[in-house]
2 protein chains.
Amino acid sequence: MNHLQLRPPTMADVARLAGVSHQTVSRVLGDHPNVREATRAKVLHAIEEMGYRRNSSARALATRRTRTLGVVSANTTLYGPASTLFALEEAARAEGYTVSTVSLRKLVVETLSEALDHLSEGGVEGVIALAPQRSAAEALAELRHPFPVVAVGTGSGAEIPSVNVDQQLGARLATGHLLAAGHRTVWHLAGPEDWQEAVDRTVGWRSALEAVGVEPPTPLRGDWSPLSGYRAGQELAGWVGRGLTAVFVANDQMALGVLRALREAGVRTPQDVAVVGFDDIPESEYFAPPLTTVRQDFAAVGQRSISLLLDLIEGRSPSGTQGIFIEPQLVVRASTFPHGPQSGDALD
Amino acid sequence: MNHLQLRPPTMADVARLAGVSHQTVSRVLGDHPNVREATRAKVLHAIEEMGYRRNSSARALATRRTRTLGVVSANTTLYGPASTLFALEEAARAEGYTVSTVSLRKLVVETLSEALDHLSEGGVEGVIALAPQRSAAEALAELRHPFPVVAVGTGSGAEIPSVNVDQQLGARLATGHLLAAGHRTVWHLAGPEDWQEAVDRTVGWRSALEAVGVEPPTPLRGDWSPLSGYRAGQELAGWVGRGLTAVFVANDQMALGVLRALREAGVRTPQDVAVVGFDDIPESEYFAPPLTTVRQDFAAVGQRSISLLLDLIEGRSPSGTQGIFIEPQLVVRASTFPHGPQSGDALD
DNA sequence: GAGGTCATTGTGAGCGCTAACAATTCCCAG
DNA sequence: CTGGGAATTGTTAGCGCTCACAATGACCTC
């Protein structure tokens, strides 16, 4: 608690104490090679003694580099965005960058524009936008900004550089898993149409069915929430005994609602109906029964996004601007084991 | 995508185009009163035409104000920290500040020190530390920093300004609710000892029991995870029929594990054992059965924290430095209704 | 020991902005 | 009209740092 209001020491102050010029202090701080060891020691000692810290504003002004990146996101309390945010910050910090975040309630042109303005005022060199809604992707493409922007989760259609998890692949893995377990067909509870991820998951599900010559049932639609899953689950329960034995739900939270509705309707999971989710949120393993789901590698998304953005900032030609896709992974648990134990996985 | 590498226009450029001095441009941007309307219009037009944006570094250097706050946190993918983070950013932005975040994997002296250094390099004017672990609180008190720091979640014992949810009150609400429902005693699954929140919840639980003259059973201990809840649940199941009819679990994730273990042991909730959690994560409403829990007002925590920190920065004497406490709220659901419906709450 | 090279250090000029003060213009009372 | 005060605008210094270049000194070669 020694944040006295005294003017903090400047490089010139340190230089005076060390008996050198301010430029030599700058060289020591910048790890310049041509500084005599004795001089360096003197300077470091003076820095230590005065508790000197380089003024970032002055530095940024002189170098024209703020070493700050911005992140725009909505729904940051959800597991996916929160994980991505975490990975982004960690990756950026490893590269010596600071991250400024703007969390929106809704991601539309207006709020997005304000967010970019705010970040721009803050002097960011580039921005990562978590823009899973298609409207957000379109808004991004429209907006003018004086810095590069990388989108996360916009899918392949986007006109800006993007990093994604391969949602279609994930959906094919989930659906294929159910087909391989002997189910004749797989029903689908989709996410909101406006979300690219939801669309891609539906596309993957459909293509997996069509690949084995099965006509896909009409998908139901939810809004990601457990409540919407619960309602869809009630509807699905009505189809049990009429060809419904397996459901691919577009996310784990809705799957939670589906599980509850099925249970209440007297439908057993997985004996009567097998359920697969998507996301692998930490709770999924403890659902009743534990949920088979698709895990996304958010850490990889974060790292690739940062490295792509830095390529853009540095003017390097990025490796794959056309859209980077990261492979998801199927996690099999009891909700798709007709005869397996209800417990036991990952306990011990 | 027009981030050309041309040098962006400066205030002087705008001034030249508008036929005024750079200072007049500065006045227009700063909403100074004494600028003639015609002049203001000319300047604004020139700004618009050149797409001018004020250089934040230069501004910060001249004013000695970066208008940037830092946030340090661990476990940012958990619901609580993520919600607080969201609220903090929103509150800060409303006050015209930008927020830089550092997300740590572990909050110990070393990482905390690095985080503060990193933020300091980034030029923050103050920092909010989400420091629910007692070790983190101690580390904070030790560390030197050239800016004010506000802690969140450190409880009353801390030696630095802090904002908290009143965990003891929350625990008393939960325990009292169970006692009022007719339970003779209430067992407790506590969180990790190192967490102040866990300690406070245990204290509140104990005091509620002692207030009605009940000797508290020995609490079990978990690590917040569903797995640890599952294991504790197995142990708790063994006490059913020997006086155990109600459990207060220190968070919802562990409660999820407890519910699963009880179910597997053939123990019915809430008929045989009533369960209360803490946090009210979005999934709690869809657990089997829906979970009675304690909701924390993270938005209020965020707002109070920012306003306290800004008081400190501006040198105003803050209203209540001794620790701000925010009231939590009990949310009653089916896990504590001996005879109520298992579903039905908040559906419709 | 003169000349040249390299390592090391210092000097001066900004980076783009705001604050303080000086200068100019405007307006109206006298 | 004309003086004086207020309104409006301009001028001059930095803010603390890095960059480009100049200057110094050490060391080596012939």
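Just the heavy atoms: all of them, side chains too, but no hydrogens, waters or symmetry mates, feed the values below. Letters go in sequence order (proteins before strands), and every chain restarts at 1. All of these numbers come straight from a predicted model, not from anything done at the bench.
For B:Asn34 and D:dT8, the shortest distance from a side-chain N or O to OP1 or OP2 is below 4.0 Å.
Counting only heavy atoms from C-beta outward, the side chains of A:Ile326 and A:Arg304 approach each other to under 4.5 Å. No side-chain heavy atom of B:Ile306 sits under 4.5 Å from any side-chain heavy atom of B:Val150.
Judged purely by atom type and a 3.5 angstrom limit, A:Glu125 uses its side chain to pair as donor or acceptor with the backbone of A:Thr66. Side chain of A:Ser305 to main chain of A:Val301: a donor-acceptor pair is present (N/O by atom type, distance under 3.5 Å, no hydrogens or angles). A donor-acceptor pair under 3.5 Å is formed between the side chain of A:Thr111 and the backbone N or O of A:Val108. Of the possible polar contacts, none joining the A:Thr24 side chain to the A:Val20 backbone as a donor-acceptor pair under 3.5 Å is found. Checked by atom type and distance alone, the side chain of A:Gln196 never pairs as donor or acceptor with a backbone atom of A:Gln133 at under 3.5 Å. At least one donor-acceptor pair under 3.5 Å links the side chain of A:Thr84 to the backbone N or O of A:Gly80.
One interatomic measurement links the two molecules: CE of A:Met50 to P of D:dG16, which rounds to 12 Å at whole-angstrom precision.
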task: For each nucleotide in nucleotides 17-26 of chain D, reading 5' to 3', give B when a protein heavy atom comes within less than 4.0 Å of its base, S when such contact involves only the sugar-phosphate, and - otherwise.
output: BBBB------
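Among the protein residues, B:Thr39 comes within range of the sugar-phosphate backbone only, with heavy atoms under 4.0 Å from sugar or phosphate atoms but none that close to a base.
Mapping heavy-atom proximity under 4.0 Å, the span of DNA chain C touched by chain A runs 5' to 3' from C:dT8 to C:dG16.
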